[in-house]
Amino acid sequence: MQHKAVRYVTRTTAAAAGAVATAATSVAAAALAGSIIFGPVPDASARMEGVSEDLLRAVQLNQITEEQAVKFEARLAGRILGDA
């Protein structure tokens, strides 16, 4: 009987630890999302710089061609800088 009790305590402790870890992960994810949502919005030039870096990386990884990157960057520049 004592062996069953030890197994029960071990299982319930492991389950509780898993629940605490899941809750902590959820809280951390919510905090990160909140900091992104309520953080300062980058200005248009900073956004375009990030777009350029991302597109350059995509070209280097052969995910898109250089021509596709140029066309996409021009289209986004019209939208981003047009809103500024």
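This is a predicted model, so every value here is computed, not measured. One is the number of the first residue; the rest follow in order along the sequence.
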- For the hydrophobic clusters of this structure (ILVMFWY residues joined by side-chain heavy atoms under 4.5 Å, transitively), does one cluster hold both L56 and V51? no
- Message: Any non-hydrogen side-chain atom of V59 less than 4.5 Å from a side-chain atom of L55?
- Response: no
- Partners of Q63 by side-chain hydrogen bond (donor to acceptor under 3.5 Å, both in side chains), sequence neighbours excluded? none
- Message: Any non-hydrogen side-chain atom of D43 less than 4.5 Å from a side-chain atom of R47?
- Response: no
- Do any pairs count as a salt bridge (Lys or Arg N to Asp or Glu O under 4.0 Å) and have a residue in residues 53-62, sequence neighbours left out, and if so which ones? D54-R57
Review item, side-chain donor-acceptor pairs of residues 66-78, under 3.5 Å, at least two apart:
from, atom 1, to, atom 2, distance (Å)
Q68, OE1, T65, N, 2.8
Q68, OE1, T65, OG1, 3.4
E73, OE2, S52, OG, 2.4

